[in-house]
There are 2 protein chains.
Amino acid sequence: MSIRNPKQALYEQFAVVAKALGNPQRLELIEQLAQGPRSVEALAAKLAHPVANVSQHLQAMRRAGLVTSERDGKFVNYRLADESVLAAFASIRVVAERHSAEVERIVRGYFDRRDDMEPVSREELAARMKDGLVTVIDVRPPDEFALGHLPGAINVPLGQLEQRLSDLKAKPEIVAYCRGPWCVMSFEAVALLREHGFRARRMEDGLPEWRDAGLAVEA
Amino acid sequence: MSIRNPKQALYEQFAVVAKALGNPQRLELIEQLAQGPRSVEALAAKLAHPVANVSQHLQAMRRAGLVTSERDGKFVNYRLADESVLAAFASIRVVAERHSAEVERIVRGYFDRRDDMEPVSREELAARMKDGLVTVIDVRPPDEFALGHLPGAINVPLGQLEQRLSDLKAKPEIVAYCRGPWCVMSFEAVALLREHGFRARRMEDGLPEWRDAGLAVEA
DNA sequence: GCATCATTCAATAATTATGTTGAATGAACT
DNA sequence: AGTTCATTCAACATAATTATTGAATGATGC
């Protein structure tokens with residue numbers, strides 16, 4: 001159909017946005033960018049993908065309005081257009097969690113200790129932090145931690161957690177968080193901590209959701 | 001990459017859902033299904049597309065978990081999996097409205113009287129309806145009206161509006177609504193009513209949003 | 001100016017999505 | 001049993017997406 005009415009034209013534009021979200025690599029880029037702005041090179045390193053490939057995906061997302069870019073010296077930094085992009089990602093995740101048998105299978109297979117983990121909600125954690133009853137650890141890599149983290153959180157990247165167990169104060173409970181609701185690292189951190197006798201839980205969401213909820217972030 | 005970690009596998013599933021939303025025809029089907037369950041034939045007639053084509057799109061959406069189907073006699077009725085699908089659609093629409101220059105262009109070109117139209121919010125309309133100060137007209141086709149509409153609304157399909165102007169009581173104001181926020185029919189209805197001297201406005205959302213907000217629907 | 005280096009472009013090949021056509025399926029009814 | 005008819009399947013052609021490679025761009029700093 002060559003002649004389109006305005007409604008069809010609008011729907012095509014909505015489809016452009018959805019299409020831009022319809023690729024696992026781009027979703028991973030969004031998760032990374034939700035931590036903070038990044039250069040193409042940094043993103044390529046994180047995802048372990050060729051730079052040209054990442055650049056193309058970023059440009060596709062820019063065309064769709066999901067991200068913006070800004071040159072800084074010889075680097076081009078990309079960032080999420082705004083929080084509505086993360087909201088769209090979240091709503092797609094909800095649909096998948098509710099209706100995809102495959103998601104359920106993956107979660108069962110790899111996150112089977114999930115029910116044991118009794119995730120802590122943002123609100124609950126904020127309350128417990130105020131009482132000083134909890135040690136909060138951020139298991140993301142240091143560069144992501146540096147761009148913002150929960151107030152008072154200590155940065156213990158997952159790879160170093162085992163060696164640094166003695167650093168953790170013997171508060172009643174340890175809460176681990178990372179990039180977002182399905183970020184694997186906090187699951188593994190909690191499992192490891194429990195193996196060593198700590199009382200540990202996950203925060204339900206990651207830093208981006210915490211920030212979007214208007215809660216305080218330390219830089 | 002043939003070996004995938006659970007995170008990548010999850011992201012692939014999220015991408016499946018987003019991809020299923022990444023097609024204008026499927027989005028139109030979702031808008032239709034948001035009005036109520038429909039058979040393949042009915043949907044094909046609404047969209048003026050071949051039945052086999054619509055069937056394939058519906059099956060793609062079913063695989064992605066967006067819709068469910070149920071046989072009723074010789075018809076197969078499809079319906080949205082749940083309200084999270086409409087929420088995902090809405091969040092994608094928000095991203096497009098905020099960041100797509102093309103969407104802005106379309107809206108300017110075809111909906112340029114939009115600012116004049118001072119849309120009525122659901123809450124405001126609900127209040128005015130209670131006071132009996134407003135005539136509510138549903139400009140959708142009769143079959144969609146029959147599946148549910150605002151309490152007290154009268155069904156005046158857009159094509160019949162001009163002939164039925166005399167039916168409209170001289171209440172202080174007429175409010176028109178249709179399928180959703182970007183449904184063209186309510187815009188055109190308001191423009192036509194104003195040309196004939198009526199004081200008319202649009203409701204901001206459509207019936208599906210009204211229903212999802214928990215407000216009363218008449219069958 | 002010239003070299004460096006992050007990013008983008010261009011060209012290719014492989015895969016996947018899309019629309020069309022006509023035939024197959026399968027439930028309902030005679 | 002056979003007919004009808006809504007839906008689905010199968011096969012094909014076309015278009016779009018994706019990853020990969022190497023070259024081009026363009027800003028920086030010597």
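Residue numbers begin at 1 in each chain, while the letters A, B, ... track the order of the sequences. For the numbers below, each heavy atom of this structure counts, side chains included, while hydrogens, waters and symmetry mates do not.
The separation between L58(B) atom CG and dT7(D) atom P is 9 Å, rounded to whole Å. Going from atom CD of E12(A) over to atom P of dT18(C) covers 13 Å, rounded to whole Å. For the pair L43(A) CG and dA6(C) P, the computed distance is 14 Å after rounding to whole Å.
One finds no side-chain N or O of S55(B) lying less than 4.0 angstrom from the OP1 or OP2 phosphate oxygen of dT7(D).
Atoms CG and CD1, from L193(B) and I174(B) in turn, are 5.0 Å apart once rounded to the nearest 0.5 Å. For the atom pair CD (E41(B)) and CG (N77(B)), the distance works out to 11.0 Å, reported to the nearest 0.5 Å.
Annotation: salt bridge (charged side-chain N to carboxylate O under 4.0 Å, His left out) contacts involving residues 19-38 of chain B, sequence neighbours excluded, comprise K7(A)-E31(B).
In this structure, the side chain of R194(B) engages the main chain of A200(B) through a donor-acceptor pair within 3.5 Å. Panel note: side chain N155(B), backbone P141(B); no donor-acceptor pair is recorded below 3.5 Å. The backbone N or O of G73(B) sits less than 3.5 Å from a side-chain atom of R71(B), completing a donor-acceptor pair. Checked by atom type and distance alone, the side chain of Q160(B) never pairs as donor or acceptor with a backbone atom of V156(B) at under 3.5 Å. Under the 3.5 Å distance criterion, the side-chain polar atoms of Y177(A) are matched with a main-chain donor or acceptor of L150(A).
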Could you go through nucleotides 17-24 of chain D and list every protein N or O atom that sits under 3.5 Å from one of its N or O atoms, giving the distance for each pair?
| from | atom 1 | to | atom 2 | distance (Å) |
| --- | --- | --- | --- | --- |
| dT18(D) | OP1 | N23(A) | ND2 | 3.0 |
| dT18(D) | OP2 | R26(A) | NH1 | 3.1 |
| dA19(D) | OP1 | Q25(A) | NE2 | 2.9 |
| dA19(D) | OP2 | N53(A) | OD1 | 3.4 |
| dA19(D) | OP2 | H57(A) | NE2 | 2.6 |

Using a cut-off of under 3.5 Å, enumerate the N/O to N/O pairs linking the protein to nucleotides 12-14 of chain C.
none

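Between Y11(A) and F89(B), the two ring planes are perpendicular [angle over 60°; tilted spans 30° to 60°].
Contacts of residues 68-78 of chain B with DNA chain D (heavy atom under 4.0 Å): K74(B), F75(B), V76(B), Y78(B). Listed by residue number, S39(B), V40(B), E41(B) are the residues of residues 27-41 of chain B with a heavy-atom contact under 4.0 Å to DNA chain D.
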Scan the side chains in residues 207-219 of chain B for donor-acceptor partners under 3.5 Å anywhere in the protein, sequence neighbours excluded, and list what turns up.
| from | atom 1 | to | atom 2 | distance (Å) |
| --- | --- | --- | --- | --- |
| E209(B) | OE1 | G206(B) | N | 2.9 |
| W210(B) | NE1 | A216(B) | O | 2.7 |
| R211(B) | NH2 | A34(B) | O | 3.1 |
| R211(B) | NH2 | Q35(B) | O | 3.3 |
| E218(B) | OE1 | H149(B) | NE2 | 3.2 |
| E218(B) | OE2 | G152(B) | N | 3.4 |

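With respect to L66(B), the side chain to side chain contact (heavy atoms under 4.5 Å, CB included) criterion is satisfied by exactly one of L21(B), L80(B), V16(B): L21(B).
More than 12 heavy atoms of other shown residues, nucleotides or ligands fall within 6.0 angstrom of atom CZ in R62(B). Residue R122(A) places its CZ atom among more than 12 non-hydrogen atoms of other residues, nucleotides or ligands, all under 6.0 Å distant.
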